[in-house]
Visitor: 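Before we start, here is the structure in question, set down as structure tokens.
Note on naming: letters A, B, ... go to the chains in the order of the sequence lines (proteins, then strands), and numbering restarts at 1 for each one. Here the structure is a predicted model, which means the values were calculated and not measured.
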Amino acid sequence: MLMPVDPGHDWSVTPKEAIALQRILAARVHLQSGPKQVRCVAGVDTGFVDHGRMARAAVVVLSFPELVPLETRIALEPTPFPYIPGLLSFRELPVVLHALEKLSILPDLVLCDGQGIAHPRRLGIAAHLGVVTGLPTIGVGKSRLIGDYREPGMEKGCVAPLMDAKQRIGTVVRTRRAVRPLFISPGHRTDHVSAVEWTLACTGRYRLPEPIRMADRVASARRGSERNSVR
DNA sequence: GCGACAG
DNA sequence: ATCTTGTCGC
């Protein structure tokens, strides 16, 4: 249990309290050049079971740059909060933190499914996770929450800035030729440039970077894994 | 009031 | 997120 057991703050809040909390926590986000060396990178994602009543978080730690999975942990708990655009972290982070606590390996960087600072109050789930754990994080969104942008080129590696209120809040990145782009934004202790660099460094033949892909697979897997491994 | 809206 | 098989395209 190398990860902080400290929940960071009270998670039983109302939507109004959650928004007020985001405004406070957003001031603690640090945009920096990112970690100098990354020996292992983690990917986190959450899936839902039983009609959304249970939340299952998965965290997978991979070696870098080999991207070989080293450790996988899961946490399953009752879903604590409804899905409200802009308040996703209050629904998914509690169980994600419990999955992270089970790790024996401390990751140097964490890729999170969802936005970083590309959020109305600049505190998407990746930024929130970073502030609470102190770990460098990057937000990897599969679609846009807020912000305007020009469609990036169709080749892998093409990028376009994601803007809101005349400020840059992220980067729209084509991680694979001719596929929908990803919305990359700094979470905590990373910046626009490093967030895109690390994301591409973790991306192979697929649209999603390996850490996210692997966590996704585990979090969304049918009970056990009979529909996959077996047969 | 109307439209948008991560997972 | 989740409900769900085969199928079109590179």
Visitor: Given the rule in the salt bridge (charged side-chain N to carboxylate O under 4.0 Å, His left out) test, do Asp45(A) and Arg217(A) qualify, once you have shown the distances and angles that lead to the verdict?
Guide: CA-CA 9 Å; Asp45(A) 184 43; Arg217(A) 182 187 67 64; over 6 Å; no
Visitor: Measure the shortest side-chain to side-chain distance between Leu182(A) and Leu208(A) over non-hydrogen atoms and say whether it is less than 4.5 angstrom.
Guide: yes
Visitor: If only side-chain N and O atoms of Lys142(A) are considered, is one of them under 4.0 Å from the OP1 or OP2 phosphate oxygen of dG7(B)?
Guide: yes
Visitor: Taking the minimum atom-to-atom distance to the side chain of Arg177(A), which one of dG7(B), dC10(C), dT2(C) wins?
Guide: dC10(C)
Visitor: On DNA chain C, compare the nucleotides closest to Arg176(A) and Gly47(A); which residue's is nearer the 5' end?
Guide: Gly47(A)
Visitor: For His119(A) and dA6(B), what is the distance between atoms NE2 and P respectively, to the nearest whole Å?
Guide: 11 Å
Visitor: Would you kindly give the CZ-to-P distance between Phe183(A) and dC5(B), to the nearest whole Å?
Guide: 10 Å
Visitor: Below the 4.0 Å mark, does dC5(B) have OP1 or OP2 next to a side-chain nitrogen or oxygen of Arg144(A)?
Guide: yes
Visitor: Take atom CZ of Arg180(A) and atom P of dA6(B), then tell me their distance rounded to the nearest Å.
Guide: 12 Å
Visitor: Any side-chain heavy-atom pair from Pro120(A) and Leu145(A) closer than 4.5 angstrom?
Guide: yes
Visitor: If only side-chain N and O atoms of Ser89(A) are considered, is one of them under 4.0 Å from the OP1 or OP2 phosphate oxygen of dA6(B)?
Guide: no
Visitor: CZ of Arg56(A) versus P of dG7(B): gap in Å, rounded?
Guide: 18 Å
Visitor: Indicate, with a heavy-atom threshold strictly under 4.0 Å, whether Gly86(A) touches base, sugar-phosphate, or nothing.
Guide: base
Visitor: What nucleic acid atoms does Ile125(A) come within less than 4.0 Å of, heavy atoms only: base, sugar-phosphate, or nothing?
Guide: base
Visitor: Check every strand shown and say whether Leu182(A) touches a base, only sugar-phosphate, or nothing at a heavy-atom separation below 4.0 Å.
Guide: nothing
Visitor: Return yes when atom CD of Glu151(A) has more than 12 non-hydrogen atoms of other residues, nucleotides or ligands closer than 6.0 Å, and no otherwise.
Guide: yes
Visitor: Within this structure, what is the OH-to-C1' distance between Tyr83(A) and dA4(B), rounded to whole angstrom?
Guide: 11 Å
Visitor: Please report the distance, rounded to the nearest Å, between CG in Asp148(A) and C1' in dC5(B).
Guide: 14 Å
Visitor: Could you give the CG-to-P distance, from Leu162(A) to dA6(B), as a whole number of Å?
Guide: 13 Å
Visitor: Quick one: do Arg144(A) and Asp164(A) make a salt bridge, cutoff under 4.0 Å?
Guide: no
Visitor: Between His51(A) (NE2) and dC3(C) (P), how many Å, whole number?
Guide: 8 Å
